[in-house]
2 protein chains.
Amino acid sequence: MAKATDGNGTPVPQRLLAAATRLFAEHGYDRTSVQEIVEAAGVTKGALYHYFGSKEDLLQEVYARVLRLQQERLDAYANAEAPIEQRLRDAAADVVVTTIENLDDASIFFRSMHHLSPEKNKQVRIERRRYHERFRALIEEGQRAGVFSEATPADLVVDYHFGSVHHLSTWYSPDGPLSQQEVADHLADLLLRALRP
Amino acid sequence: MAKATDGNGTPVPQRLLAAATRLFAEHGYDRTSVQEIVEAAGVTKGALYHYFGSKEDLLQEVYARVLRLQQERLDAYANAEAPIEQRLRDAAADVVVTTIENLDDASIFFRSMHHLSPEKNKQVRIERRRYHERFRALIEEGQRAGVFSEATPADLVVDYHFGSVHHLSTWYSPDGPLSQQEVADHLADLLLRALRP
DNA sequence: GATCACATACCGACTGGTTAGTCTGCCGGG
DNA sequence: CCCGGCAGACTAACCAGTCGGTATGTGATC
């Protein structure tokens, strides 16, 4: 038999992760039983506990994936060759787009983080902090250069923007009047407008 | 014995609600057992199920209280006698202050809403929508008057601001460098600055 | 190229513990 | 004497994680 696949083509660990992501987002972490996850993935508990140490590990893996992705993208935009205004706008819009593209991950992220054990929670917070600080550095760079207002501490500006990103999973619907890109452009625009000197 | 009080002075239903609020915020709705709630309130299950139909009713009551409070305050600021810029700024800052003052309620609100049954969830959404629309009306009024930019749809501006409010429970700490009022002023300022024509 | 040893991948019944909600009954004041 | 207000034991259901077992693949040895 091929390694860890089954009738379906995709490997079992990934199928489990995908099923867990969908179910966690739909019913919440605590309301999703391990039994439901393995059924949705077409395997049994034995398979899950063969690849993952616990139900919590599954949740942490969802986080880890999202964080890696977002950090990579932020770094790419932040380190690009362009005026600071442009780099911040691109980064701010991109995080909106990728969040919308992974709305399930986003809602899990913000609703279920406190379900992680203290150590794993700490780990996630550290990664989040790195992301936050890279973003803040962009704003401070613009403030020093005089293109952004210094009326508001950069930290607060970051939280202001991420608040709106965080909030997306509450209200954004692909069936709504605005496309992903339109929402992203508007939100980035609001940020840049708020930062005008 | 006096009616519904016990050794403590405050009535049992309120004690239950207060205990539930604190515990829900601390450990999450699902992780809080009914047993823990009644112990924290100094009563037993008999008392809880005497006053509340279910654990879920307790959660809904927390929501209802917060919503009533916020709606009242918004109406007061929105209908005041002042230029639209001032009214929006006051309302935007006030919602930040009252949210910080009730951070427990806020984190419950945004983390546990999906634990409510469909009917109760619908009820809460209806109330939230009313709040959202009153706020939006303020922005549209300013846009029509020409004092706010029309570059962004008012709906989106509302979600942008509420995103940051929503997000407060994630990062705000009373021990931090900023007081409630300072945060509120900064966030309201960011909103108004973003809306400059 | 047949056999053996061992590992990987998975199955599914079982266990120990927890939980929301029920129900019977006591107790004291009006 | 009756009823609101509450106590607390009880139940029925559920659930994460375990564990012994099976099947298939892989590499070494003769």
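Here is how names work: the chains are called A, B, and so on, in the same order as the sequence lines, proteins then strands, and each is numbered from 1. Because the structure is predicted, anything quoted here is derived from the model rather than measured.
Cation-pi geometry between B:K55 and B:Y29 is satisfied (NZ or CZ under 6.0 Å from the ring centre, within 45° of the ring normal).
Taking atom NZ on A:K55 and atom P on D:dG17, their separation rounds to 8 Å, with Å as the unit. Here C:dT18 presents its P atom at 12 Å from CD of B:Q35, a figure rounded to the nearest Å. Atom CD of A:E56 is separated from atom C1' of D:dC15 by 16 Å (rounded to the nearest Å). Separating the CG atom of B:L16 from the C1' atom of D:dA7 is a distance of 14 Å, rounded to the nearest angstrom. Residue B:F52 contributes atom CZ, which lies 14 Å from atom C1' of D:dG5 at whole-angstrom precision. Computed from coordinates, the B:E36 CD to C:dT19 P distance equals 7 Å when rounded to whole Å. Rounded to whole angstrom, the span from the CD atom of A:E39 across to the C1' atom of C:dC10 amounts to 16 Å. Here the P atom of nucleotide D:dC15 and the CZ atom of B:R31 are 14 Å apart, to the nearest Å.
Side-chain proximity of A:S54 to the nucleotides D:dA7, C:dC11, D:dG17 is greatest for D:dG17. For B:S33, taking side-chain heavy atoms from C-beta onward, the closest of the listed nucleotides D:dG17, C:dA9, C:dT19 is C:dT19. Considering only side-chain atoms of B:Y49, the nucleotide from D:dA16, C:dT22, D:dA7 that sits closest is C:dT22.
Between B:E61 and B:R65 there is no salt bridge, since no side-chain N of the basic residue sits under 4.0 Å from a carboxylate O of the acidic one. A salt bridge between A:R136 and A:D155 is present, with a side-chain N of the basic residue lying under 4.0 Å from a carboxylate O of the acidic one. The residues A:R89 and A:D185 are annotated as not salt-bridged, no charged nitrogen and carboxylate oxygen being separated by less than 4.0 angstrom.
The heavy-atom pair separating A:A184 from A:V96 by the smallest distance is CA-CG1, 3.5 Å.
Summary of the strand contacts: A:G46 and A:D30 both lie near DNA chain D, and taking for each the nucleotide with the nearest heavy atom, the more 5' one is attributed to A:D30.
In this model, the phosphate group of C:dC10 is not approached by any side-chain N or O of A:H50 to a distance below 4.0 Å at OP1 or OP2. Proximity of A:K45 to the phosphate of C:dG12: no side-chain N or O atom is located under 4.0 Å from OP1 or OP2.
Within 4.0 Å of B:T44, counting heavy atoms only, lies at least one base atom of the nucleic acid.
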